[in-house]
Structures are given as C-alpha cells and as structure tokens.
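To keep things clear, I will list the structure first and then write my remarks on it.
Per chain, numbering begins at 1; letters A, B, ... match sequence-line order.
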2 protein chains.
Amino acid sequence: MEKSQKNIGQSDENCPVRKSLKLLGGKWTLLILFQINERVLRYGELKRCIPGISEKMLIQELNFLVEHKLVSKKSYPEIPPKVEYRLTTLGLNTLPIVDRLAAFGLENLNEQPIL
Amino acid sequence: MEKSQKNIGQSDENCPVRKSLKLLGGKWTLLILFQINERVLRYGELKRCIPGISEKMLIQELNFLVEHKLVSKKSYPEIPPKVEYRLTTLGLNTLPIVDRLAAFGLENLNEQPIL
DNA sequence: TATTGTACTTACTTTTAGGTTAGAATTATT
DNA sequence: AATAATTCTAACCTAAAAGTAAGTACAATA
C-alpha cells in the first residue's frame with residue numbers, strides 16, 4: 001500500500017465517529033439532548049424528565065453542553081431563579097442520532113432485560 | 001395528571017434511548033461495530049483498524065459484543081490461530097446509528113479540535 | 001421567624017473504565 | 001533451541017466518571 005493512499009477503514013483521531021463519540025459519548029449526554037428535544041425546559045422540569053440522574057451530573061452535563069454549543073441557556077433575574085434550556089442548531093443536529101438510537105431500542109430491545 | 005396517563009417525555013428505565021445506550025454506550029462499542037461494518041475481519045486486522053485501543057479492551061469489547069449477539073465469531077482450528085468476526089443481523093441494525101454519528105461528525109466537527 | 005422554592009455548588013467517596021505488562025498456547029521456521 | 005506468528009488471559013494499577021450528601025442564596029409566604 002502506498003503511503004499516499006487513504007487509510008480506508010482506519011479510525012484514527014480524525015475519524016468522524018470518534019470525534020462525535022468524544023463529544024456525545026457521555027453516559028447522560030444523548031439522553032439529555034433527547035429529552036430537551038424541540039422543547040424549552042426549565043432545570044427542574046428536565047430533572048423530573050430524567051429519573052435517576054443526580055443534580056450534580058445534570059448540572060455538570062448541562063454546563064458541558066452549553067460550553068460546547070449544543071444547548072443554550074437563558075437565566076431570568078428572578079427569585080426563586082428560573083433558567084431555561086433549549087437546543088441550539090448544533091444540538092438539533094444531534095437529534096437524528098438519538099432518533100436512530102430510540103428506533104433501535106424499540107425494534108430490537110423489547111421487553112428483554114439484556115443488561 | 002392522572003395516574004393512568006403515559007409519562008410523555010419521561011425517561012425511565014424502559015426508555016428505548018436508555019436501553020440502547022446501556023448496550024452501545026461503551027467507549028469503543030460503536031466504533032468497533034462501525035469498523036467491522038459489512039466486512040469479515042480477523043482479530044489482528046480489526047486491531048489495526050482501531051489505532052489506540054489496547055488488546056485488553058478490544059478483546060473485552062468483542063466478547064461483550066458476541067455475548068450480546070451483535071457480533072458473531074468464527075474460530076478456525078489452525079496454528080497460529082485464526083478468528084473471524086462479523087456483524088449479526090442485530091449488529092447490522094446498529095449501523096444506521098453509527099452512520100448518523102459519522103454524518104454528524106463530518107458535517108459539524110470539521111477540523112476544529114473541540115475537545 | 002421558620003419554611004418553601006429554585007438552581008445550583010462543594011467536598012468527599014465509590015465505582016467503573018481503561019491502561020500496562022507479562023505470559024500462555026501451539027506449530028512452523030530458522 | 002530459539003524465534004515468530006496469532007489470539008487471547010491474567011494480574012495489577014490508575015484515572016476518570018459518577019454517586020452522595022450537605023450546603024448556599026434570596027425573596028416570598030405562612
């Protein structure tokens with residue numbers, strides 16, 4: 001194989017799957033994006049949407065998502081505080097991934113407690 | 001809200017996204033499925049396809065994938081050993097997910113070292 | 001003045017994932 | 001007799017991810 005030839009089927013650091021996974025591969029990441037979806041959700045609502053997540057993890061993930069421009073955040077100067085989260089355009093672009101994930105789950109992981 | 005009403009937008013343990021993530025959410029899982037794809041690959045080839053993975057992780061993941069019926073394994077009684085891996089029907093069903101992941105990476109994570 | 005609601009923050013501990021290194025098995029080759 | 005080739009195993013260790021629990025801020029409300 002020549003040096004100049006493309007490394008077909010080789011997943012180096014520039015592999016798009018790897019890059020996506022680095023951004024979206026967290027335990028809660030895609031689930032949170034899925035829950036926000038096309039809605040506008042307050043922090044508390046979101047928390048109720050994802051039973052089992054700890055406040056720490058939720059905030060941590062949300063900060064990460066805002067930092068990486070997948071989610072935008074709007075705080076209202078009120079007491080008690082009010083904060084809204086929604087997907088950015090980039091965040092919306094992840095929805096096809098989550099949709100496939102959901103479809104796979106529905107079609108292939110019915111009932112059976114696999115793990 | 002009535003008790004009998006569906007918990008719309010609520011991600012409990014039966015949420016298909018959560019179930020899929022439980023099965024496919026490992027660091028290397030989707031990448032390995034992506035690499036195998038529609039090919040038939042020997043262990044060594046696969047290893048070369050995924051620079052950076054350790055032998056331990058690769059074997060561990062492959063065992064996991066075989067155990068969960070996403071990948072099938074065929075050993076030839078030869079010395080030195082020869083083992084082939086390929087996707088099962090279930091494994092092939094995950095490819096749309098990886099495709100979306102790849103597309104997202106290509107379309108949104110160009111060049112910029114985000115992480 | 002005590003309590004409630006909301007969105008966090010901090011410190012600490014535990015769990016899990018992942019990495020490293022070495023080695024086993026077996027036959028052909030040098 | 002040593003080496004290579006290939007697929008895997010086992011022991012150990014570290015670092016990152018995640019969980020737990022408590023606390024903060026501030027005004028409204030009771």
Which of the following nucleotides, [options], is nearest to the side chain of [X]?
{"X": "A:Lys27", "options": "D:dG19, D:dT6, C:dG5", "value": "D:dG19"}
{"X": "B:Ile79", "options": "C:dT26, C:dT9, D:dG19", "value": "C:dT26"}
{"X": "B:Met57", "options": "D:dT20, C:dT26, C:dG18", "value": "C:dG18"}
{"X": "A:Glu55", "options": "C:dC8, D:dC8, D:dT6", "value": "C:dC8"}
{"X": "B:Tyr43", "options": "D:dC8, D:dA5, C:dA7", "value": "D:dC8"}

| Only one of B:Val71, B:Leu95, B:Leu92 clears side chain to side chain contact (heavy atoms under 4.5 Å, CB included) with B:Ile36; which? |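 That would be B:Val71.
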Round to a whole Å and report the spacing from [atom1] of [X] to [atom2] of [N].
{"X": "B:Glu84", "N": "D:dT7", "atom1": "CD", "atom2": "P", "result": "10 Å"}
{"X": "B:Phe64", "N": "C:dT16", "atom1": "CZ", "atom2": "P", "result": "14 Å"}
{"X": "B:Leu62", "N": "D:dT6", "atom1": "CG", "atom2": "C1'", "result": "14 Å"}
{"X": "A:Lys22", "N": "D:dA17", "atom1": "NZ", "atom2": "C1'", "result": "16 Å"}
{"X": "B:Glu78", "N": "C:dT29", "atom1": "CD", "atom2": "P", "result": "14 Å"}
{"X": "A:Lys74", "N": "C:dC8", "atom1": "NZ", "atom2": "C1'", "result": "20 Å"}
{"X": "A:Ile59", "N": "C:dT9", "atom1": "CD1", "atom2": "P", "result": "6 Å"}
{"X": "B:Trp28", "N": "C:dG19", "atom1": "CH2", "atom2": "C1'", "result": "11 Å"}

| said: Go nucleotide by nucleotide along DNA chain D from the 5' end; which of B:Lys73 and A:Gln60 gets its closest nucleotide reached first? | reply: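 Counting from the 5' end, the first nearest nucleotide belongs to B:Lys73.
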| field | Closest-nucleotide 5' rank along DNA chain D - winner of A:Ser54 and A:Pro81 | value |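 It is A:Ser54, whose closest nucleotide lies nearer the 5' terminus.
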| task | Start with the C-alpha distance between B:Glu61 and B:Leu65, add both sets of side-chain angles, then the distance that settles side-chain contact (heavy atoms from CB on, under 4.5 Å), and finish with yes or no. | result | CA-CA 6 Å; B:Glu61 264 304 315; B:Leu65 291 171; 4.1 Å; yes
| request: State, with a plain yes or no, whether a side-chain heavy atom of B:Leu41 is found less than 4.5 Å away from one of B:Cys49. | output: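 The answer is yes, as the side chains (C-beta and beyond) meet within the 4.5 Å cut-off.
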| request: Measure from NZ or CZ of A:Lys73 to the centre of the six-membered ring of A:Tyr85 and say whether it is under 6.0 Å with the direction within 45° of the ring axis. | output: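 Checked: cation-pi criterion not met.
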| message | When the axes are fitted on five pairs at both termini, how much does the helix from C:dT1-D:dA30 to C:dT30-D:dA1 curve, in 10° steps? | response |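 Answer for the end axes of this duplex: 30°.
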| task | For a side chain to side chain donor-acceptor pair (under 3.5 Å) with B:Asn108, tell me which candidate from A:Asn93, A:Thr89, A:Thr94 qualifies. | result |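 When side chain to side chain donor-acceptor pair (under 3.5 Å) is applied between B:Asn108 and each of A:Asn93, A:Thr89, A:Thr94, only A:Asn93 qualifies.
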| task | Would you tell me if any nitrogen or oxygen in the side chain of B:Arg42 comes within less than 4.0 Å of OP1 or OP2 on D:dT7? | result |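 True: B:Arg42 side-chain N/O within range (under 4.0 Å) of D:dT7 OP1/OP2.
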| query | B:Thr88 side chain to B:Leu70 main-chain N or O, any donor-acceptor pair under 3.5 Å? | reply |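 Yes, the answer is positive, given that a donor and an acceptor are paired below the 3.5 Å cut-off.
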| request: Evaluate the side chain to side chain donor-acceptor pair (under 3.5 Å) criterion for residues B:Glu84 and B:Tyr43: first the C-alpha distance (whole Å), next the side-chain angles of each, then the deciding distance (0.1 Å), finally the verdict. | output: CA-CA 7 Å; B:Glu84 287 177 346; B:Tyr43 169 78; over 6 Å; no
| Side chain A:Lys56 and base D:dA18 donor-acceptor under 3.5 Å |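 For A:Lys56, whose side chain was compared with the base of D:dA18, there is a donor-acceptor pair (under 3.5 Å).
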| said: Within a 6.0 Å radius of atom CD on B:Glu38, are there more than 12 heavy atoms belonging to other residues, nucleotides or ligands? | reply: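 For B:Glu38, atom CD is not crowded (no more than 12 foreign heavy atoms under 6.0 Å).
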| Which part of the nucleic acid, if any, lies within reach of B:Tyr76 when heavy atoms closer than 4.0 Å are counted: base, sugar-phosphate only, or nothing? |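 The answer is nothing, as B:Tyr76 stays clear of every strand by at least 4.0 Å.
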